[in-house]
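Input: a single structure, listed below in structure tokens.
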Amino acid sequence: MKYVNAILTVPTTDPDDARRRRLLNIILMAALIASIIALIALILENIFDPRVIFSETQLLLGGIIVFTLGILGIYILNRRLRGRWAAWIFLILLTVIFLFTDSPGELVEGRSLFLFTIPIVMASMLLFPAASFVFAILSSVIVIVLSLSISVFPNVPAIIGFFLVALASWLSARSLEQTLLELRNINANLDHVVHERTQALAESLERERIEAGRNQAILNSIADGVIVFDRQWNATLANPAVRGMLEIPIELIIDKNFSELIEHPRLQPKSRGLLYAMMEQDTQPIGFRIEWGGKTLSVSAAQVYNRTENMGTVTVFRDFTREAEVEKLKSTFVAIVSHELRTPLNAILGYAEMFKEAVYGPMNDKQINMAERIMTNTQRLLGLINDLLNQAQMEAGKLTIKMAPFKTADLLDNLHAVMDKSATDKGLQLTSEIDSNLPDILSGDVERLHQITVNLVNNAIKFTNRGSIHVKLFQPYENKWGIEVSDTGAGIPESELPYVFDTFHQVEGTATRVHGGFGLGLSIVKQLVTLMNGEIKVRSIMEEGTTFIVTLPLVVPESLTNSGV
Amino acid sequence: MSILALIIEDDEDLANIFAEALRGVGFTVEHVTDGKVAQERLRNGEPPYLILLDMHIPHISGGDLLTNIIKKEEHLAKTIVIITTADARMGETYVEMADFVLIKPISFVQLRDLTSRLKPREE
């Protein structure tokens with residue numbers, strides 16, 4: 001087949017030209033085979049039947065040889081010459097051969113006329129679709145000339161037949177060519193698309209390679225330890241930082257199951273449970289701590305998804321040793337401050353009270369007044385310490401809300417007990433009311449609620465010079481209750497309203513000197529309210545007063561709702 | 001008849017103030033500063049009528065004294081226990097075991113008034 005192909009192939013790049021010349025080669029090959037068979041038949045016939053006239057055989061033999069040589073010549077031309085020359089020559093040759101296959105009379109009468117249709121049909125294939133008409137004309141001319149030469153009327157149906165065959169050939173060849181053209185266009189488009197896709201693929205592969213290199217570089221240079229696990233929790237990737245952190249060579253991490261790492265002797269047993277929980281529950285905890293050797297490591301895990309398919313987990317280790325130490329120091333500090341500062345202040349307060357109560361003998365008015373001032377200032381100092389401690393506790397996330405039933409009225413009674421004196425000292429009136437629809441008993445952290453009301457009223461007293469402070473407990477919606485503290489003070493400029501709950505912030509920045517305090521009171525209120533899932537709003541009109549409104553989820557103690565109280 | 005109040009408090013000044021308040025009402029005051037000493041005293045000495053117990057004391061904490069001695073020793077069953085602490089949360093933890101919980105700062109007047117009410121009526 002390879003050799004056949006080699007014989008049939010023509011040196012050209014034009015696909016149409018190649019197709020036609022290839023087709024011509026096939027026809028030539030077929031003709032060659034036919035002439036060889038004819039030659040063999042002729043020889044065999046002469047061997048067995050010597051009666052045949054020798055000269056006629058000789059003529060036929062010569063004809064076949066000439067035909068064979070002609071075919072070879074055309075084949076060479078077809079390979080050498082460009083374009084359609086060989087086809088023209090072949091078809092004309094074929095027509096001429098057919099001219100001599102019969103006597104003119106027989107030819108004109110039509111016995112061999114159908115032979116002329118062969119080059120007509122072939123022309124449309126080998127040359128161009130309309131070429132069949134050229135050969136129809138040529139054949140017609142031959143028929144007419146022959147007819148005239150033997151003085152008969154030309155065979156009109158034959159001529160019409162030639163043209164009909166030419167028409168049919170032309171149409172079919174044309175549609176074939178068009179189909180081929182379309183096919184070629186489709187092919188060309190396809191080639192183009194394939195080329196583009198290949199290009200894009202190559203580019204994206206290159207990009208990916210660069211990206212992967214960059215990601216690797218990033219992974220190698222970050223200070224956090226990273227281990228990537230597949231879905232079966234086998235480590236597939238680990239960066240150099242993790243080696244330093246866990247003090248294990250990377251080879252001992254890669255391809256190992258996470259459970260092996262968890263069982264490592266350097267991991268404190270109490271940390272194992274956390275890691276097993278992370279592995280088994282497939283949860284994505286953030287920033288829990290483990291003890292590894294002498295280090296505290298913070299561990300975060302995130303599952304990796306490709307679209308919706310879970311690809312595994314990325315685990316990030318951060319050295320938290322220093323922070324953990326600082327945190328421990330901080331809570332120790334908080335505890336010390338809490339106890340050690342309050343105790344001597346309590347002593348100062350106690351002695352001042354003893355003076356005031358004249359425990360060691362009578363005191364004059366001035367002395368009592370001084371004792372009172374010592375007490376007031378000590379109370380203030382205690383308040384500040386409480387604020388600082390609360391802030392520290394909140395920052396450490398240690399402050400929790402404990403829900404318990406309490407009497408709604410107690411909240412206001414306790415408030416009055418603590419704040420009435422401060423108000424009257426400044427010549428202000430502290431009034432309060434409870435909305436009648438508010439339940440008598442609520443659930444909440446009464447100590448923190450007390451702190452909220454005290455801080456709000458304290459703040460109101462600080463910024464009000466005359467008039468009153470009014471506290472209202474109410475129920476704005478069915479599932480909420482609220483605390484409203486309004487004063488008749490100077491008001492807060494609109495530009496300052498967004499910042500009133502910021503830590504260490506005081507309106508106008510100068511208030512500290514006038515009013516004292518760290519500006520922590522409102523910040524603590526805000527944080528406590530947030531911890532209770534509530535919200536706080538403030539509205540203020542300059543020179544008229546300010547109102548703080550706290551709204552909290554209304555929780556009626558279960559035992560009460562059950563018993564229908 | 002003297003009514004005995006035991007103050008368990010490591011801060012001398014506070015103990016002094018508490019003692020003055022209690023004496024002012026008419027109590028006889030005894031004072032210990034250390035958890036271990038307090039344990040001995042509670043086990044062996046005359047049972048006090050009232051104990052003012054600080055939660056933060058050296059060696060044995062106030063909480064342990066309360067749980068392991070005061071609540072266990074039969075001869076202390078009638079003793080009134082007032083615990084004092086700076087930590088409100090800790091106060092809450094022991095609120096069931098104590099008769100009163102006072103959160104520091106504790107006012108002289110407040111303590112005097114409270115203990116005066118607790119003192120047995122003289123017949």
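- Using a 4.0 Å cut-off between charged nitrogen and carboxylate oxygen, A:Glu353 and B:Arg112 do not count as a salt-bridge pair.
- Taking both residues in full, the closest heavy atoms of B:Asn16 and A:Tyr351 are given as ND2-OH, 3.3 Å, listed atom of the first, atom of the second, then distance.
- Looking at every heavy atom in both residues, A:Ala347 comes nearest to B:Asp13 through CB-CB, 3.6 Å.
- The side-chain hydrogen bond (donor to acceptor under 3.5 Å, both in side chains) test applied to B:Gln39 returns no partner, not counting sequence neighbours.
- Atom CG of B:Leu102 is separated from atom CG of A:Asn346 by 10.0 Å, given to the nearest 0.5 angstrom.
- Separation of atoms CZ (A:Arg342) and CD1 (B:Ile103) is listed at 9.0 Å; rounding is to 0.5 Å.
- The number of heavy-atom neighbours closer than 6.0 Å to CZ of A:Phe320, taken from other residues, nucleotides and ligands shown, is above 12.
- When the salt bridge (Lys or Arg N to Asp or Glu O under 4.0 Å) test is applied to A:Glu372, the partners found at least two apart in sequence or on another chain are A:Lys356.
- Atom CE of A:Met370 has 12 or fewer neighbouring heavy atoms from other residues, nucleotides or ligands inside a 6.0 Å radius.
- Note that CD of A:Glu357 and CD of B:Glu20 are 12.5 Å apart. Values are rounded to the nearest 0.5 Å.
- Using non-hydrogen atoms only and a strict 4.5 Å limit, the part of residues 444-460 of chain A facing chain B consists of A:Asp445, A:Glu447, A:Arg448.
- The number of heavy-atom neighbours closer than 6.0 Å to CZ of B:Arg23, taken from other residues, nucleotides and ligands shown, is above 12.
- For a residue to count as touching a neighbouring chain, one of its non-hydrogen atoms must lie under 4.5 Å from one of that chain's; by this rule A:Leu349 touches chain B with the side chain only.
- The environment of B:Gln110 atom CD is dense: over 12 non-hydrogen atoms of other residues, nucleotides or ligands sit within 6.0 angstrom.
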Return a table of donor-acceptor pairs under 3.5 angstrom between the side chains of residues 43-53 of chain B and protein atoms on other chains or two or more places apart.
| unit_1 | atom_1 | unit_2 | atom_2 | d |
| --- | --- | --- | --- | --- |
| B:Asn44 | ND2 | B:Glu40 | O | 3.3 |
| B:Asn44 | ND2 | B:Glu40 | OE1 | 3.2 |
| B:Tyr49 | OH | B:Leu118 | O | 2.8 |

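- For the set A:Ile348, A:Leu382, A:Thr378, A:Leu345, the entry with the most heavy-atom pairs within less than 4.5 Å of chain B is A:Leu382.
- More than 12 heavy atoms of other shown residues, nucleotides or ligands fall within 6.0 angstrom of atom CG in B:Asp64.
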